[in-house]
Enquirer: 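Got a structure for you, questions after.
None of these values were measured; they are calculated from a predicted model. Just so you know, residue 1 is the first one in the sequence shown, and it goes up from there.
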Amino acid sequence: MSFTFSELKEAIKDYTENEEATFVSNLPVFIRNCEERILKSVQLTFFRRNQTSSLTSGNRFLALPDDYLSSFSLSVTSASNKSFLQHKDVSFIEDYNPNAATQGLPKYYGEFDEGNLTVAPSPDAAYAVELHYFYRPASLTAGADSAKTWLSDNAPFAMLYGSLIEAYTFMKGEPDIIQNYDQKFGEALTRLKDLGEAKQTGDAYSGGLVRRGKT
C-alpha cells in the first residue's frame, strides 16, 4: 500500500465524509502537519543527507543548506587526511578562539545562527568539508497530484492516520474518533521507530537480530 498526493487527499475525504470547500482547501495543511509530526518523532536514515563544500581561508563561517535542521557530523579534509570536528556550543568556540584572525586547521564547530556554522580556529586554507545533517524532506504536497514521497510509499498508515487527526481536529470532531486515530497513528509511529532506530542502525551480522523481551 502507498499513496500518491491525490490518493491521500481522497482517502481523507472518504474517511471524514467531508467535501466542504474550506475543508478540501486545507487538505495540504493536514498532510504537512502530519509530516512534521513524523519528522520530529522518528529517526530515519531517510531524514539524513550529506553535502560537500569548502571553507574559505580566513573565514570562520560555513553557510548551511536551506533544508538543514541539525548536524550529525562535520569533517575537514587536509592533505588527503579526513578528520571530524568536535561539536561545541558557540560560547565554547568563542572562548577557545576569541581572535577570529587566529588561523589553523579547524578543530571545533557549532551552529552560529540560523544560516551558518562557525569553526575554530578560522581555516588557514580552503579545506574541503563534508556536512552530514538532519534535513527537512520536500512535502508530498509540494508535488503534482501523482507525486509520491518516501513517507507516502513506506509509511502510508502513519501518513493517513496522522492526517486524519489533523482533519478531525479541524472539523472539531468527536473526541473518541480523534482518540482512535491517534492510537492508530501511534502504532504506525512505533513500526517506523522499529525500522529507523533498530533495523536502519545496524545489521544482523554485526549486531544480531532485533530482540524483544518476552511477555
Side-chain angles (χ1 to χ4, degrees), residues 1-51 64-72 111 113-115 131-202 210 212-213 215:
M1 179 182 178
S2 64
F3 287 115
T4 63
F5 182 27
S6 177
E7 289 168 344
L8 183 54
K9 289 188 291 184
E10 289 300 317
I12 297 170
K13 289 189 289 184
D14 289 345
Y15 272 74
T16 58
E17 298 181 334
N18 190 345
E19 297 202 22
E20 188 270 328
T22 303
F23 176 83
V24 171
S25 69
N26 277 281
L27 290 175
V29 177
F30 306 151
I31 294 170
R32 287 195 295 271
N33 287 348
C34 168
E35 291 171 327
E36 187 71 13
R37 292 182 69 178
I38 296 172
L39 178 68
K40 299 297 177 59
S41 300
V42 184
Q43 296 184 40
L44 295 168
T45 56
F46 166 66
F47 297 144
R48 293 173 176 247
R49 175 168 284 179
N50 277 50
Q51 176 171 298
L64 288 168
D66 292 337
D67 56 4
Y68 172 92
L69 291 175
S70 64
S71 300
F72 290 115
E111 286 79 11
D113 57 25
E114 184 178 359
L131 176 65
H132 186 46
Y133 66 101
F134 177 42
Y135 85 107
R136 183 183 302 281
S139 171
L140 178 64
T141 65
D145 277 348
S146 59
K148 291 185 176 183
T149 63
W150 189 95
L151 286 175
S152 72
D153 261 338
N154 296 280
F157 294 111
M159 290 287 287
L160 173 61
Y161 293 125
S163 298
L164 286 172
I165 293 169
E166 300 294 330
Y168 269 99
T169 301
F170 176 86
M171 293 169 58
K172 300 178 177 61
E174 297 85 347
D176 59 329
I177 294 179
I178 297 176
Q179 183 178 6
N180 179 51
Y181 287 137
D182 189 63
Q183 179 180 347
K184 290 182 179 296
F185 179 63
E187 292 170 355
L189 282 185
T190 297
R191 291 193 289 271
L192 267 182
K193 283 179 177 289
D194 286 343
L195 172 65
E197 297 170 17
K199 296 182 178 67
Q200 287 186 341
T201 57
V210 177
R212 294 178 176 85
T215 58

Enquirer: List the steps and the verdict of side-chain contact (heavy atoms from CB on, under 4.5 Å) for Val24 and Leu27.
Expert: CA-CA 5 Å; Val24 171; Leu27 290 175; 4.1 Å; yes

Enquirer: Roughly how far apart are Ile38 CD1 and Phe46 CZ, rounded to 0.5 Å?
Expert: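 Answer for the CD1-CZ pair, Ile38 versus Phe46, is 10.0 Å.
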
Enquirer: Are Arg191 and Phe157 close enough that some pair of their side-chain heavy atoms sits under 4.5 Å apart?
Expert: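 Touching, per the 4.5 Å side-chain cut-off.
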
Enquirer: Is there a side-chain contact between Ile31 and Lys9 in this structure, where contact means two heavy atoms from C-beta onward sitting under 4.5 Å apart?
Expert: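 Result yes, sub-4.5 Å side-chain heavy-atom pair found.
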
Enquirer: Show your working on side chain to side chain donor-acceptor pair (under 3.5 Å) between Glu111 and Tyr68 and close with a plain yes or no.
Expert: CA-CA 11 Å; Glu111 286 79 11; Tyr68 172 92; 2.5 Å; yes

Enquirer: Does the ring of Phe134 carry Arg48 above it, NZ/CZ under 6.0 angstrom from centre and within 45° of its axis?
Expert: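 No, Arg48 does not lie over the aromatic ring of Phe134.
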
Enquirer: Can you name the closest pair of heavy atoms from Pro137 and Phe47 and give their distance?
Expert: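 For Pro137 and Phe47, the tightest heavy-atom pair comes out as CG-CD2, 3.5 Å.
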
Enquirer: How about Asp176: does its CG atom have over 12 heavy atoms from other parts shown lying under 6.0 Å from it?
Expert: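 Check passes, neighbour count above 12.
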
Enquirer: Please assess Arg136 against Asp67 for the test salt bridge (charged side-chain N to carboxylate O under 4.0 Å, His left out), listing each intermediate value before the final yes or no.
Expert: CA-CA 5 Å; Arg136 183 183 302 281; Asp67 56 4; over 6 Å; no

Enquirer: Before you tell me yes or no, could you show the steps for Leu131 and Leu64 under side-chain contact (heavy atoms from CB on, under 4.5 Å), namely the whole-Å CA-CA distance, both residues' side-chain angles and the distance that decides it to 0.1 Å?
Expert: CA-CA 9 Å; Leu131 176 65; Leu64 288 168; 4.1 Å; yes

Enquirer: How long is the straight-line distance from CD1 of Ile177 back to CG of Asp182, given to the nearest 0.5 Å?
Expert: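 Result: 13.5 Å between the selected atoms.
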
Enquirer: Compare all side-chain heavy atoms of His132 with those of Ser71 and state whether any distance is below 4.5 angstrom.
Expert: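 They are not in side-chain contact.
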
Enquirer: Test side-chain contact (heavy atoms from CB on, under 4.5 Å) on Phe72 and Arg49; report intermediate values, then the result.
Expert: CA-CA 9 Å; Phe72 290 115; Arg49 175 168 284 179; over 6 Å; no

Enquirer: Does the side chain of Arg32 come under 3.5 Å of the side chain of Ser139 through a donor N or O and an acceptor N or O?
Expert: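 On atom types as modelled, these side chains do not qualify, holding no pair under 3.5 Å.
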
Enquirer: Check whether any side-chain heavy atom of Tyr181 sits under 4.5 Å from a side-chain heavy atom of Tyr15, and report yes or no.
Expert: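 When only atoms from C-beta onward are counted, Tyr15 and Tyr181 do touch, with a gap below 4.5 Å.
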
Enquirer: Can you tell me how far the CG atom of Leu164 sits from the CE atom of Met159, to the nearest 0.5 Å?
Expert: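 With rounding to 0.5 Å, CG (Leu164) is 11.5 Å from CE (Met159).
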
Enquirer: Does atom CD of Gln179 have more than 12 heavy-atom neighbours from other groups under 6.0 Å away?
Expert: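 Atom CD in Gln179 is not crowded, with 12 or fewer foreign heavy atoms closer than 6.0 Å.
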
Enquirer: Got a second to check how far Tyr161's OH is from Cys34's SG, nearest 0.5 Å?
Expert: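 Between atom OH of Tyr161 and atom SG of Cys34 there are 12.0 Å.
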
Enquirer: Centroid-to-centroid, Phe23 to Phe30, below 6.0 Å?
Expert: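 So the answer is yes for these two rings.
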
Enquirer: If every non-hydrogen atom of Ile12 is compared with every non-hydrogen atom of Ser163, which pair is closest and at what distance?
Expert: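 Closest pair (atom of Ile12, atom of Ser163, distance): CD1-CB, 3.6 Å.
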
Enquirer: Can you find a pair of side-chain heavy atoms, one from Ser41 and one from Leu192, that are under 4.5 Å apart?
Expert: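 Sidechains of Leu192 and Ser41: no contact.
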
Enquirer: Is a side-chain donor or acceptor of Asn154 paired with a backbone partner of Trp150 at a separation under 3.5 angstrom?
Expert: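 Indeed, once roles are kept as given, a pair shorter than 3.5 Å links the two residues.
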
Enquirer: Under a 4.5 Å cut-off applied to non-hydrogen side-chain atoms, are Arg37 and Ile165 in contact?
Expert: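 In contact.
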
Enquirer: Got a second to check how far Glu10's CD is from Thr4's OG1, nearest 0.5 Å?
Expert: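 Going from CD on Glu10 over to OG1 on Thr4, the span is 9.0 Å.
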
Enquirer: Testing the basics here: between Pro28 and Phe5, what is the closest heavy-atom pair and its distance to 0.1 Å?
Expert: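 That would be CG-CZ, 4.2 Å.
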
Enquirer: Under the 3.5 angstrom rule, does the side chain of Glu20 hit a backbone N or O of Thr22 as a donor-acceptor pair?
Expert: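 Confirmed, Glu20 side chain pairs with Thr22 backbone.
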
Enquirer: Do the non-hydrogen side-chain atoms of Ser152 and Ser2 ever get within less than 4.5 Å of each other?
Expert: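 Answer no - side chains too far apart.
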
Enquirer: So how far is it from Tyr168 OH to Asn18 CG, rounded to the nearest 0.5 Å?
Expert: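 One finds 8.5 Å between OH of Tyr168 and CG of Asn18.
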
Enquirer: Could you pull out the closest heavy-atom pair between Lys148 and Asp153, with the gap in Å?
Expert: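 That closest heavy-atom pairing would be CD-OD1, 3.3 Å.
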
Enquirer: Taking Glu35 for the side chain and Leu140 for the main chain, is one N or O donor matched with an acceptor at less than 3.5 Å?
Expert: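 Between the backbone of Leu140 and the side chain of Glu35 there is a qualifying donor-acceptor contact (under 3.5 Å).
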
Enquirer: Are Tyr133 and Pro65 side-chain neighbours, meaning at least one heavy-atom pair lies under 4.5 Å?
Expert: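 Sidechains of Pro65 and Tyr133: in contact.
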
Enquirer: Please identify each residue that fulfils side-chain hydrogen bond (donor to acceptor under 3.5 Å, both in side chains) with Tyr135, with sequence neighbours left out.
Expert: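 With neighbours one apart ignored, the set is empty.
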
